[in-house]
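To keep things clear, I will list the structure first and then write my remarks on it.
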Amino acid sequence: MKLFISCIAMLIFAQFSFANGVVITDRASGTYLKMINSGISVSVQNQISTVKTSQTFFNDSSISEAIEYGFPLPSNASVTQLKWRVDNGVWQFASFISGGSSGGTGGTLNANLAAYLGATPLFFVFNNQIAANSQIEVELTYVQLLSYSFGEVTFKYPSDYSLIQSGIITNTQIFNFELSSGRTIDTIESLNNTSTITNDGHLATATITQFESASINDVVIKYRLASDELGVIPFSTILPAGQNTCDDFGNGFFGLVVEPESNPNTAIIQKNFVLIIDSSGSMSGNKMTQAKEAATFIVNNLNVGDKFNIVDFDNNIVPFRPTLVDYNPTNAAAALAFINNIVALGSTNISGSLTTAINQFGGASLDEANIIVFFTDGEATAGITSTQGILTSVESSVGQIETEIFLFTFGIGDNVTTDLLTLLATDNNGFATFLGNDEIADVISNFYLTIRNPVLLHPVISVVPADAISNIFPNPLPNLYKGQQLIFTGRYQVPQDIQLTLSGTAFNQQVQYVYNLNLSNQNNQAYAFLPKLWAKNKMESLLIDYYSLPQGSPAAQTIKQTIEQTSICYQVLSPFTSLGDSSLSDEEFMADDNNHSLKFFPNPFTSETKASIYLYESAAIFIKIYSIDGKLLKTITLDGIFGENLITIDGLDNTNNVLSAGMYIYTISIGGKDTYFGKLIKN
C-alpha cells in the first residue's frame with residue numbers, strides 16, 4: 001500500500017544497510033509486534049544478489065491490532081516481492097500498483113525506529129488487523145548489485161535488532177549465504193559471527209544459526225576473487241514462449257560482467273583532479289571534520305603525474321592555487337595545510353565554485369581525464385541560486401573550455417537539492433551520491449579509490465550479428481576503472497553464438513575488447529533474476545532521462561508511464577509505483593508460474609485483447625476484471641459452446657468508461673468449476 005523511497009535513491013552509489021523487518025502497531029511510541037523467528041536467504045550470482053528475508057511476529061497483546069510493515073531497504077535495491085501469511089495460512093501477495101507515495105500510515109517515527117529504518121525505508125500497510133495471540137510471517141525479496149573493488153566483495157546485513165526488541169528472540173535466527181562465481185573464489189570469511197563456511201572455488205556458502213538467543217551480530221561476509229583471472233562472465237536465459245508478455249523485445253535476457261585487468265602494470269589515464277569543498281556554516285562540526293578527512297585521503301592517494309587543485313567555497317570562492325599544479329611532495333604538503341585551515345562559515349555559492357573548478361581545465365590535453373568531485377550539504381544561497389540557472393552556467397563554462405569533464409556530486413544530509421546534484425552529474429559523465437551526516441569520510445574515500453585509475457572512457461557495445469542483442473542497459477554505459485566492474489544487461493530473440501565488442505578510448509586512442517559468447521536456448525533457473533535485473537537497469541536509465549526534462553512536459557510524462565508499466569509488468573518496484581494489499585491476493589492466484597492462467601494477446605493491449613478456450617461440452621463462461629486493489633470493474637457472461645470459444649476484452653468497464661492504463665486481474669470461470677487467473681496490462 002505504501003512505499004517511501006527517494007526517487008533519486010536508485011541512482012545512489014552502492015551502500016548496503018540490510019536488516020530484519022518490523023511490524024509496527026504505533027510509530028510514535030515505538031510499539032511493535034514481537035519478532036519470534038528470522039530467516040535470511042541470500043543467493044549471489046557473480047555479484048548480483050537476490051535477498052529473501054522472512055520474519056515471524058506474534059501479537060502478544062489482548063486486542064486486535066492495526067499493523068504496518070517497515071523495512072530498512074538498501075538505497076540501491078529493488079523490491080521484487082512482498083508476501084505474508086497469518087497463523088500459517090494461505091500466502092497473501094502485495095500487488096505492484098501505479099503511484100509512488102511517501103509512506104505508511106503517516107505520523108512521526110519514534111527515534112529508535114527512525115534510526116533503525118534509515119534513509120530509504122519501505123512501508124507497507126496491511127488492510128486487515130491481526131487478532132490477539134496470532135502470528136504473521138512476512139517475506140520480502142529484492143535484487144541488487146553488490147559492491148566490488150579490486151577483487152573484493154562485501155555483503156553486510158545489520159542484524160542487531162536491539163533498537164526494536166531487547167532480550168531473547170524466542171525461536172530461531174537463521175542466515176544462509178550462497179555464492180556462485182565464474183571466477184575462482186580465493187577466500188570467504190564471516191567477520192562478526194561464528195559461521196559454517198564452505199568453498200570449493202566456484203561455489204561457497206556461509207551459514208549462521210542461533211536458537212533462543214539475543215539478536216545475532218551484524219552479518220559481514222567478505223570474499224575475494226582470484227586476481228589472475230580477468231573478469232569476463234556472460235549469463236543468459238530464455239523464457240518459454242508466451243511467458244513474457246510485457247514487451248516484444250524477445251524472450252531472451254542477457255548479462256555480462258566485465259572487469260579490466262587490475263595488476264600493477266595496467267596502463268591508466270592521467271588525471272586532472274579538482275576537489276570542491278563546501279565550507280558554509282551548516283558544514284560546521286562533525287561534517288567539516290569528515291570532509292577534511294576525505295579531502296586529506298584523496299590528496300594522499302593521487303598518482304604521480306596527476307595535476308590537481310582544491311576549491312574551498314562558502315559565499316566566497318578560495319582556490320588552493322590559481323591553476324592546476326603537479327602532484328609532488330611539496331604541493332601535496334601545501335594542499336594538506338590548506339585543507340587543515342578550512343573553517344565552516346558563510347553561505348553557499350555553488351555556481352561560483354563550479355565555474356572556478358571548470359576553468360581549471362582550459363588548457364588540458366585531450367588524452368587526460370578531467371575530474372571534479374563536489375560535495376555540499378545545502379541549497380544554493382549565494383551567486384546563481386536557481387537549479388536551471390546553475391545548470392546553464394555549468395553548461396556554458398564547459399562549452400568555453402572545449403574539453404570534457406567528469407563531475408561527481410555528493411549531497412550530505414536532508415537539505416540538498418537532489419535534482420540539481422543529479423543533473424549536474426549525469427549531464428557531465430558522472431553520478432550523484434547522497435549521504436547521511438556521518439558517512440562523508442568513508443564513502444568519499446572509497447569512491448576516490450574507485451575512480452582513481454580510469455582505463456576505458458565512453459565504452460560502447462557492438463554485436464555481430466548486429467541485431468542479436470537489443471535494449472542494453474545501463475545506457476549510456478559508465479566508464480571503466482582499474483579494479484572495478486561493469487555489469488550490463490540486454491535482450492535477445494534468437495539463441496545463437498555472437499561476437500560482442502566493448503570499445504572506448506584510453507590515452508586518446510581507441511581501445512576494444514572482443515568476446516565470443518553464446519546466447520542460451522535454455523530457461524536457466526539459476527539466472528531467474530535476469531528479467532528483474534534488466535527491468536531495474538532499464539528503469540534507472542530512464543529515470544536519468546526523466547529528471548533531465550521539464551517536469552510535467554509530455555516527454556517526461558511518457559517516460560514516467562514507461563517506467564510505471566515496466567515496474568508493474570516485471571514486478572520490480574520503482575519511484576512511481578508502490579505496493580498494494582489486494583483482497584484478491586492468493587498464492588496460486590498471484591504466482592507467475594500459475595498453470596491455470598489463460599493467455600490473452602496482445603498483452604499489454606491498447607483497446608482490445610483476445611483469448612480462446614476450447615470446451616468439450618457447452619457451459620457458461622464468466623469473465624471478471626478487477627483493479628489491482630480488488631475492485632470489480634467488468635463482468636462478461638458468455639454461453640460457451642462445444643469447441644473453440646473466443647473471449648474479447650474491449651478495455652471498457654461495466655459503465656462503458658475506458659479503463660485507465662495500468663495492471664488488472666482477470667478471472668474466468670467455466671460452468672462454475674474450472675477457474676483461470678491472470679494479469680492484463682493496458683497501455
Measure up the Tyr69 and Phe57 rings against each other and bin them: parallel (under 30°), tilted (30 to 60°), perpendicular (over 60°).
perpendicular
Would you kindly check if the NZ (Lys) or CZ (Arg) of Lys532 is within the cone defined by 45 degrees around the ring axis of Tyr570 and under 6.0 Å from the six-membered ring centre?
no
Are Thr205 and Thr198 close enough that a side-chain donor and a side-chain acceptor fall under 3.5 Å?
yes
Do the two ring centres, one from Phe576 and one from Tyr546, sit under 6.0 Å apart?
yes
Take Val572 and Met539, measure what side chain to side chain contact (heavy atoms under 4.5 Å, CB included) needs, and give me the verdict at the end.
CA-CA 9 Å; Val572 180; Met539 291 188 295; 3.7 Å; yes
Pair Phe177 and Phe155, ring centroids less than 6.0 Å apart
yes
Any side-chain heavy-atom pair from Tyr223 and Asn199 closer than 4.5 angstrom?
no
Taking the side chain as every heavy atom from C-beta outward, state whether Leu179 and Ile185 have any pair of such atoms under 4.5 Å apart.
yes
Closest non-hydrogen atom pair between Trp534 and Asn471, with its separation:
NE1-O, 2.9 Å
Is there a side chain to side chain contact (heavy atoms under 4.5 Å, CB included) between Ile544 and Leu542 once you walk through the steps?
CA-CA 5 Å; Ile544 294 173; Leu542 289 176; over 6 Å; no
Given Glu189 and Lys222, is the salt bridge (charged side-chain N to carboxylate O under 4.0 Å, His left out) satisfied, shown in steps?
CA-CA 5 Å; Glu189 57 182 334; Lys222 281 193 174 184; over 6 Å; no
Enter the distance from Leu82:CG to Leu140:CG here, rounded to the nearest 0.5 Å.
5.5 Å
If we ignore angles and hydrogens, is there a donor and acceptor under 3.5 Å between the side chains of Ser541 and Asn475?
no
Is the backbone of Gln45 close enough, under 3.5 Å, to the side chain of Ser49 for a donor and an acceptor to pair up by distance?
no
Report yes if the side chains of Gln135 and Asn88 come closer than 4.5 Å at any heavy-atom pair, otherwise no.
yes
Hey, is the main chain of Gln522 close enough, under 3.5 Å, to the side chain of Ser520 for a donor-acceptor pair?
yes
Atom OG1 of Thr562 and atom CG of Asp247: how far apart are they, to the nearest 0.5 Å?
11.0 Å
Main-chain N/O of Thr422 paired to Thr426 side chain as donor or acceptor, under 3.5 Å
yes
Side chain to side chain, Ile197 and Ser190, heavy atoms closer than 4.5 Å
yes
Are any non-hydrogen side-chain atoms of Gln144 and Val51 less than 4.5 angstrom apart?
yes
Roughly how far, to the nearest 0.5 Å, is the OG1 atom of Thr489 from the NZ atom of Lys538?
11.0 Å
For the CG atom of Asn37 and the CD1 atom of Ile174, what is their distance to the nearest 0.5 Å?
8.0 Å
For a quick test of reading the model, state the closest non-hydrogen atom pair linking Ile487 to Pro474 and the distance between them.
O-CD, 3.7 Å
Donor-acceptor contact present, side-chain Ser78 to main-chain Lys536, <3.5 Å
no
Output, in order, the C-alpha distance, side-chain angles, deciding distance and verdict of side chain to side chain contact (heavy atoms under 4.5 Å, CB included) for Thr207 and Phe175.
CA-CA 6 Å; Thr207 303; Phe175 176 89; over 6 Å; no
Distance (rounded to the nearest 0.5 Å) between Leu117 CG and Ile164 CD1:
6.5 Å
Any luck finding a side-chain donor-acceptor pair between Gln493 and Asn251 under 3.5 Å?
no
Ser574 versus Thr566: any side-chain heavy-atom pair under 4.5 Å?
no
Apply side-chain hydrogen bond (donor to acceptor under 3.5 Å, both in side chains) to Ser38 and list each qualifying residue two or more places apart in sequence or on a separate chain.
Asn20, Gln55
Please confirm whether the backbone N or O of Glu137 pairs with a side-chain atom of Arg85, one donor and one acceptor, at under 3.5 Å?
no
If you compare all heavy atoms of Ile188 against all heavy atoms of Ala204, which two are closest, and at what distance to 0.1 Å?
CD1-CB, 3.9 Å
Give me the ring orientation class for Tyr142 and Phe71: parallel if the planes are under 30° apart, tilted from 30 to 60°, perpendicular past 60°.
tilted
Close side-chain approach of Thr141 and Val79, heavy atoms under 4.5 Å:
no
Distance-minimising heavy-atom pair for Val463 and Ala468
CG1-CB, 3.8 Å
Under the 3.5 angstrom rule, does the side chain of Lys682 hit a backbone N or O of Thr606 as a donor-acceptor pair?
yes
Hits for salt bridge (charged side-chain N to carboxylate O under 4.0 Å, His left out) against Asp545, two or more places apart or cross-chain, chain-then-number order -> none
Check the pair Leu519 / Leu517 against side chain to side chain contact (heavy atoms under 4.5 Å, CB included), numbers first and verdict last.
CA-CA 7 Å; Leu519 301 178; Leu517 309 171; 5.9 Å; no
Aromatic rings Phe235 and Tyr527: how do their planes relate, parallel, tilted or perpendicular, breaks at 30° and 60°?
tilted
How many angstroms lie between atom CE of Met35 and atom OG1 of Thr56, to the nearest 0.5 angstrom?
9.5 Å
Expected output: side-chain Asn516 to main-chain Asp497 donor-acceptor under 3.5 Å:
no
Polar side-chain atom of His202 near backbone of Ser181 as donor-acceptor pair, under 3.5 Å
yes
Distance-minimising heavy-atom pair for Phe253 and Leu530
O-CD1, 3.4 Å
Compute whether any side-chain donor of one residue and acceptor of the other, for Gln485 and Gln47, lie under 3.5 angstrom apart.
yes
Take the angle between the ring planes of Trp84 and Phe124 and call it parallel below 30°, perpendicular above 60°, tilted in between.
tilted
Considering only heavy atoms from C-beta outward, does the side chain of Ile568 approach that of Thr577 to under 4.5 Å?
yes
For the residue pair Ile208 and Ser195, what are the closest heavy atoms and their distance?
CG1-OG, 3.2 Å
Test item: Thr237 side-chain N/O and Asn524 main-chain N/O as donor-acceptor pair under 3.5 Å
yes
